[in-house]
A.B. asks: 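Sharing a structure below in structure tokens format, with a few things to ask.
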Amino acid sequence: GCCARMMAAASCPRALALALVLTATGSFSLAAKPPHIVWIVSDDLGFNDVSFHGSPQIPTPHIDALAADGVRLYNYHVQPVCSPSRSTFMSGRHVIHTGIYMPFEQGTSLRLNLTYTLVPEYLKRCCNYSTHMVGKWHCGQNVVKSLPTGRGFDTYFGYWSGAEDYYTHSVKGAYDYHDDTASPLKLRPALEASGTYSEYDMTQRAVDVIKQFSTADRPLFLYLAYQNVHWPLQVPDAYLQNFSHVPNVARRHVCAMAKIMDDGVGNVTNALKEAGIFDNTLIIFSSDNGGPTDGNEGTQSNNYPLRGGKNTIWEGGTRVVGLVHGAGLKKTNYDSFEKMHAADWLPTLVSMASGRDWAEFVSDDEPPYLPGDGINVWPMLSEGAPSPRKFILHEAHPGVSSDVHGDGLTVGDMKLVLITKNPEPGWFPPPGQDPAKVTYKIKCPKPAPPVDPKQCTKTYCLFNVTADPCEHVDLASEHPDIVQDLKQQLQQFKRAAVPPVVGQGCQPVKVNVNGTLVWKPCDAPLLGKLDN
């Protein structure tokens, strides 16, 4: 018992020996309480939408402060759109194994496979974390077990779907904003939040969670997934006025929406300090995909000087803003160009928190983890060690022709890519910014070549994304041997890729609650206690 419960190490020789060994390897010892974890995700934030990446157009001092004192991830990749990235964050599994290649439409029975154990469940299993989520879920909502409170979070405040009005919190004719608990199970529509801008409520709930749970004996895991800066383009006027000099209306809104989110990050940071746990908290900040740019989806996030954006597997679609700050980091204030993928957070956080190999906490009935799924990169994050990740699988599909976003694989320096979804084929500086006057953190040959919208859409291209992260120069004709080798490696992933996920069971329903139509899981209205 004492070894398993990490108690009284001195009376438990095996635990003490383990603690001493593991401390030497740079993980947290079994004898020590694991650090708190606060994981903040921004929606549709572009690579060029934070000022620590070089662009002064959107000042983000609070995110920048975490970056300045932390590890800045410049070769960190996610999937090119929301549900795929979020399901990968939570499950540690690549989309070629989950089948979640595209975002879930509101009102469908699509969901992340219920047999997968997710991050909050692992953190409970390994280390007795108290687990709380605020914000956008987008990993399934048709049954009670598919909701955050059914997947390991003790409490949840936010919206289950992918996009909605920032003030009315409505989508497709019903209210989607909830205040839920797992035990006792209670799904409560947060109708009192109607009319309040979501960033305010989400930040306040995050601050409340920190105040309430930081004093407990258990470590805290808070997953804060902001709505900003996803469309619809809505923001309080006071913030919009700060960017009146930006000539493009959509860009002006995105700037203001990023700025108000940065203020929220500042409030969360302050709450950690006031609770006395800032130094004992590992903070993660990440976007969920590259920003939709140049009017794609009607908005103007920005990824310059990277190529492309959301909904593409160009670097601008998958290489995103990422940083870690705080507890357990032995080397800080530096730029990391080591490879990391969205799937790596699960094994990394469980290994870090437990001080053990995360695989020890995988139960016998867990579906197997496969090549392309997450690996533990904690030594890379904490000590600046080389990344154990040698490749980034962007996307792969079975069959001869690719579908959805395309097929892409980066091994070492070289990226092989075939693009099939291409709403932003080139390089698009933000409206109101002269690139010649900005020193971007990502260095590329200047100037960018003319945009060929058909490039890489019929035949595979090859880019050296270490020397040429902006994908200016296709090297495929110069290195047919590398192309062939990467094609063979990609082919293995294509063969292993599952078809797109299909709906399971009934669809979520709209239920009248005190005169307001509210989204509910289809099995919730049958349970009387959930109808309040």
Side-chain angles (χ1 to χ4, degrees), residues 74-80 84 94-97 101 290 303 305-309 311-320 337-343 370-373 375 386-427 442-445 447-498:
Y74 284 108
N75 198 0
Y76 162 55
H77 291 261
V78 298
Q79 298 309 121
H94 200 281
V95 297
I96 69 162
H97 302 135
Y101 302 104
N303 311 299
L306 298 178
R307 186 173 191 173
N311 306 305
T312 78
I313 51 172
W314 297 115
E315 293 292 285
T318 69
R319 189 189 292 224
V320 296
F337 286 87
E338 294 293 313
K339 288 183 179 64
M340 182 174 179
H341 185 262
L370 302 166
D373 291 343
I375 52 179
S387 176
R389 174 167 286 289
K390 303 306 177 197
F391 67 89
I392 299 283
L393 175 62
H394 301 288
E395 210 166 279
H397 302 277
V400 181
S401 67
S402 168
D403 53 12
V404 193
H405 302 101
D407 290 317
L409 175 68
T410 299
V411 179
D413 299 332
M414 307 305 281
K415 176 179 179 178
L416 182 77
V417 66
L418 182 69
I419 301 281
T420 53
K421 197 173 175 81
N422 202 20
E424 176 49 69
W427 304 267
I442 289 285
K443 306 289 186 227
C444 296
V451 177
D452 174 5
K454 291 196 167 59
Q455 187 185 31
C456 315
T457 60
K458 302 291 185 228
T459 56
Y460 280 96
C461 289
L462 181 71
F463 298 97
N464 182 330
V465 286
T466 302
D468 176 27
C470 300
E471 299 167 298
H472 286 177
V473 184
D474 175 18
L475 302 170
S477 58
E478 292 174 41
H479 297 287
D481 51 333
I482 297 177
V483 170
Q484 198 53 38
D485 176 46
L486 290 177
K487 268 188 181 175
Q488 287 177 345
Q489 294 186 56
L490 182 58
Q491 188 59 38
Q492 294 177 309
F493 291 116
K494 286 167 70 72
R495 278 197 293 266
V498 301

A.B. asks: Any heavy-atom pair between the side chains of Trp314 and Cys456 that's under 4.5 Å?
C.D. replies: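 Of all side-chain heavy-atom pairs linking Trp314 with Cys456, at least one is under 4.5 Å.
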
A.B. asks: Search all heavy atoms of Pro371 against all heavy atoms of His97 and return the closest pair with its distance.
C.D. replies: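 For Pro371 versus His97, the nearest heavy atoms are O-CE1, 3.1 Å.
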
A.B. asks: Tell me, please, which residues at least two apart from Arg319 pass salt bridge (charged side-chain N to carboxylate O under 4.0 Å, His left out).
C.D. replies: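 Counting only residues at least two positions away or on another chain, Arg319 forms a salt bridge (charged side-chain N to carboxylate O under 4.0 Å, His left out) with Glu315.
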
A.B. asks: Would you please test His394 and His405 for ring-ring contact (aromatic ring centres under 6.0 Å, His included) and show each step?
C.D. replies: CA-CA 9 Å; His394 301 288; His405 302 101; over 10 Å; no

A.B. asks: Strictly distance-based, threshold 3.5 Å: is any side-chain N or O of Ser387 a donor or acceptor partner for the main-chain N or O of Lys339?
C.D. replies: yes

A.B. asks: Ring of Phe391, cation from Arg389 - is the NZ or CZ under 6.0 Å from the centre and inside 45° of the axis?
C.D. replies: yes

A.B. asks: Hey, are the side chains of Ile419 and Ile313 touching, using non-hydrogen atoms and a 4.5 Å cut-off?
C.D. replies: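 Counting from C-beta outward, Ile419 and Ile313 do come under 4.5 Å.
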
A.B. asks: Residues two or more places apart in sequence or in another chain: which of them pass side-chain hydrogen bond (donor to acceptor under 3.5 Å, both in side chains) with Thr466?
C.D. replies: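 Residues passing side-chain hydrogen bond (donor to acceptor under 3.5 Å, both in side chains) with Thr466: Asp413.
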
A.B. asks: What pairs of residues pass the salt bridge (Lys or Arg N to Asp or Glu O under 4.0 Å) test when at least one of them lies in residues 456-472, not counting sequence neighbours?
C.D. replies: Lys415-Glu471

A.B. asks: For the residue pair Gly406 and Glu395, what are the closest heavy atoms and their distance?
C.D. replies: O-CB, 3.5 Å

A.B. asks: Using 0.5 Å steps for rounding, measure from the CG atom of Leu418 to the OG1 atom of Thr457.
C.D. replies: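 Output value for this atom pair is 7.5 Å.
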
A.B. asks: Would the number of heavy atoms belonging to other residues, nucleotides or ligands and lying under 6.0 Å from NZ of Lys421 be above 12?
C.D. replies: no

A.B. asks: Determine the minimum heavy-atom distance between Pro84 and Val95, stating which atoms define it.
C.D. replies: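 So the two residues come closest at CB-CG1, 3.7 Å.
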
A.B. asks: For a quick test of reading the model, state the closest non-hydrogen atom pair linking Pro425 to Val451 and the distance between them.
C.D. replies: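 Smallest interatomic distance, heavy atoms only, reads CG-CG1, 3.9 Å.
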
A.B. asks: Identify the two heavy atoms, one from Cys461 and one from Gln455, that lie closest to each other, and give their separation to 0.1 Å.
C.D. replies: SG-CG, 3.9 Å

A.B. asks: Would you give the length of the straight line joining atom OG1 of Thr312 to atom CG of Leu306, rounded to the nearest 0.5 angstrom?
C.D. replies: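 CG of Leu306 is found 10.0 Å from OG1 of Thr312.
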
A.B. asks: Are His397 and Tyr101 an aromatic pair by the rule of ring centers under 6.0 Å?
C.D. replies: yes

A.B. asks: What do the steps show when you test Gln79 against His341 for side-chain hydrogen bond (donor to acceptor under 3.5 Å, both in side chains), and what is the final call?
C.D. replies: CA-CA 9 Å; Gln79 298 309 121; His341 185 262; 2.9 Å; yes

A.B. asks: About how many Å separate CG of Asp373 and CG of Leu393, when rounded to the nearest 0.5 Å?
C.D. replies: 9.5 Å

A.B. asks: Return the set of residues passing side-chain hydrogen bond (donor to acceptor under 3.5 Å, both in side chains) with Asn75 (not counting sequence neighbours), or none when no residue passes.
C.D. replies: His77

A.B. asks: Check residues 475-490 and write down every donor-acceptor pair under 3.5 Å in which the side-chain atom is one partner and the other belongs to a residue at least two apart or another chain.
C.D. replies:
| residue | atom | partner | partner atom | Å |
| --- | --- | --- | --- | --- |
| Asp485 | OD2 | Gln489 | NE2 | 3.3 |

A.B. asks: Can you tell me if Lys443 uses its side chain to pair, donor with acceptor, with the backbone of Pro469 under 3.5 Å?
C.D. replies: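 Side chain of Lys443 to backbone of Pro469: no pair is present.
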
A.B. asks: Give the minimum heavy-atom separation between Cys470 and Pro305, together with the two atoms involved.
C.D. replies: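 Smallest heavy-atom distance, with atoms named: SG-O, 3.1 Å.
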
A.B. asks: If I take atom OG1 from residue Thr410 and atom CG from residue Asn464, how far apart are they, to the nearest 0.5 angstrom?
C.D. replies: 10.0 Å

A.B. asks: Quick one: pull up CZ in Phe463 and CG in Leu416 and give me the separation to the nearest 0.5 Å.
C.D. replies: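 CG of Leu416 is found 10.0 Å from CZ of Phe463.
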
A.B. asks: If you measure from CG on Asp474 to CG on Asp452, what distance do you get to the nearest 0.5 Å?
C.D. replies: 10.0 Å

A.B. asks: According to ring-ring contact (aromatic ring centres under 6.0 Å, His included), who are the partners of Tyr74, at least two apart in sequence or on a separate chain?
C.D. replies: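 ring-ring contact (aromatic ring centres under 6.0 Å, His included) list for Tyr74, sorted by chain: His53, Phe337.
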
